S.K.: 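Below are the structure tokens for one structure; questions will follow.
If you're wondering where the values come from, they're calculated on a predicted model, not measured in any experiment. So you know, we letter chains A, B, ... as the sequences are listed, proteins then strands, and number each from 1. Values below: every heavy atom of this structure, side chains too, minus hydrogens, waters and symmetry copies.
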Amino acid sequence: MATFWRAFPCSKAELDLGLTLACGQSFRWAMVPGAISGVLAGRVWRLSQTDTHIRYQVIGHVGDKPTPSRPGRKNQKRKSNTPIEPNNETVQKKIKSEKNVDTKKQTEMMTQAMTSNTEGTKISKIKTEDTEEVTLKTEAGLTEDDICISVLRDYFQLDVKLTDLYEQWCKADPHFKQVSPNFTGIRMLRQDPVENLFSFICSSNNHISRISGMVERLCEAYSTQQYELYGVTYYAFPTVSALAGKGVEERLRKLGFGYRARYISETAQYIMKQGGESWLYNLRTLTYEEAKAELMKLSGVGAKVADCVCLMSLDKTGAIPVDTHVWQIVNRDYKHKLGTTKTLTDKTYKEIGDFFRQIWGPYAGWAHSVLFAADLRRFQERKTSPEKKAVAKKSVKKKKSR
DNA sequence: AAGTGACCTGG
DNA sequence: CAGGTCACT
């Protein structure tokens with residue numbers, strides 16, 4: 001069976017793939033020619049977008065070739081940032097759904113597919129370059145493609161009507177109204193809490209290019225499921241159990257994690273002591289305040305990282321991570337409403353979150369990500385203002401990150 | 001409670 | 001110094 005593109009209708013105002021996947025929420029999507037590729041829900045995806053549709057294809061499943069990593073074994077370095085893939089759309093790899101090891105997650109997704117509210121965004125399958133239909137069905141009677149669609153709907157949270165939210169935020173906030181037109185379609189992903197948490201533990205006092213590399217090395221070293229295609233290896237994110245093992249801190253230090261190596265090791269062990277990954281998933285059922293308090297007990301997790309996890313994988317739509325970047329935005333664009341202060345204390349941190357929640361409402365965290373993205377250096381070219389001289393000066397070939 | 005410094009590494 | 005956290009005045 002050949003892989004092929006499928007698509008569903010979706011406007012760029014509802015979801016801008018490029019912005020959403022590159023605005024610092026997730027660190028593992030790779031820009032490849034004509035598409036974005038990455039691992040999600042046990043599958044290796046390629047995604048792209050037209051003016052009217054999101055296009056997607058699954059090119060493999062992690063776990064097809066289980067190769068448990070052994071501590072001490074040297075992993076061969078692969079530049080998955082720039083996969084060498086033929087433009088040829090047909091890939092001969094068979095999808096072996098009967099061998100799919102990720103049945104637990106799959107079941108969860110199917111359940112969500114059955115129960116999710118579908119009236120907001122209607123999904124209709126469009127076959128663009130298909131050669132044959134996917135006929136494999138699960139016990140629940142779903143085709144592989146039914147599952148793919150539910151995975152994407154869940155990950156991109158397509159039941160949330162983003163254009164309505166933008167409208168509301170614009171009405172409530174003049175500054176948002178001024179900035180947002182060049183940054184439409186930025187929505188919160190609903191990430192896997194494990195990947196989200198450990199990735200953002202790596203983010204402390206660190207920059208994006210390095211975080212991406214660290215997450216990549218974390219996967220190379222501790223992922224238990226992977227899939228190789230055209231010389232590129234795609235990894236499932238490591239399990240908490242794998243990260244809780246003996247000697248993890250030492251190995252991660254050697255891999256350049258610095259003091260975050262201890263954070264990762266201790267946090268993994270703490271989670272295992274609480275009952276494993278299910279403990280983390282269960283934070284979704286708590287209130288924002290409760291979930292944040294639990295997260296802040298973890299090593300290497302302060303207010304900012306806790307808010308990132310609450311917002312990006314625990315469904316706390318009002319959580320607002322206040323980092324130095326947001327701090328700058330506040331002092332530059334909202335200082336008239338909030339007294340300008342010198343340092344970011346616990347008190348100020350809370351005041352800023354409350355301030356934005358009061359303005360933007362229950363989805364304040366989503367709104368925050370729009371302004372955050374609009375402030376990223378790499379997106380400055382999107383701004384219509386002609387004063388791009390400061391940016392042009394810096395436009396060296398610094399395309400090191402994905 | 002606000003302020004200060006160390007902590008890993010690399011651009 | 002960089003999209004922080006932790007320990008300690």
S.K.: Within the 4.0 Å heavy-atom criterion, would you say A:R253 contacts the bases, only the backbone, or no part of the nucleic acid?
M.R.: sugar-phosphate
S.K.: Taking the side chain as everything from C-beta on, heavy atoms only, tell me whether A:V160 gets closer than 4.5 Å to A:L165.
M.R.: yes
S.K.: Distance under 6.0 Å and angle within 45° of the ring axis: does A:R43 meet both against A:Y227?
M.R.: no
S.K.: To the nearest Å, give me how far apart CG (A:D307) and P (C:dT5) are.
M.R.: 9 Å
S.K.: Between B:dC7, B:dA2, C:dG3, which nucleotide has the shortest distance from any of its atoms to the side chain of A:Y259?
M.R.: B:dC7
S.K.: In terms of relative ring orientation, are A:H368 and A:F372 parallel, tilted or perpendicular, with 30° and 60° separating the classes?
M.R.: tilted
S.K.: Could you check how far CG of A:N205 sits from C1' of B:dT9, rounded to whole Å?
M.R.: 10 Å
S.K.: Represent DNA chain C in dot-bracket notation, 5' to 3'. Only Watson-Crick or G-U wobble pairs with both distances under 3.5 Å count; pseudoknot-style crossings use [ ] and interstrand partners use |.
M.R.: ||.||||||
S.K.: Categorize A:V326 for me: base, sugar-phosphate, or nothing, with a 4.0 angstrom heavy-atom threshold over every strand shown.
M.R.: nothing
S.K.: Between A:K304 (NZ) and C:dT5 (C1'), how many Å, whole number?
M.R.: 12 Å
S.K.: I'd like the P distance from B:dC8 over to C:dC8, given in whole Å.
M.R.: 15 Å
S.K.: Without decimals, in angstroms, what is the distance between A:L218 CG and B:dC8 P?
M.R.: 18 Å
S.K.: With heavy atoms under 4.0 Å as the rule, sort A:G24 into base, sugar-phosphate or nothing.
M.R.: base
S.K.: To the nearest angstrom, how far is A:R217 atom CZ from B:dC8 atom P?
M.R.: 16 Å
S.K.: Side chains of A:E290 and A:T287: do they bring a donor and an acceptor to under 3.5 Å?
M.R.: yes
S.K.: Looking at every strand, decide which applies to A:L298 at a 4.0 Å heavy-atom threshold: base, sugar-phosphate, or nothing.
M.R.: sugar-phosphate
S.K.: On a whole-Å scale, what distance lies between the P atoms belonging to B:dG3 and C:dG3?
M.R.: 23 Å
S.K.: Rounding to an integer number of Å, can you tell me how far A:M214 CE sits from B:dC7 C1'?
M.R.: 13 Å
S.K.: With no hydrogens and no angle check, just 3.5 Å: does a side-chain donor-acceptor pair link A:Q191 and A:S313?
M.R.: no
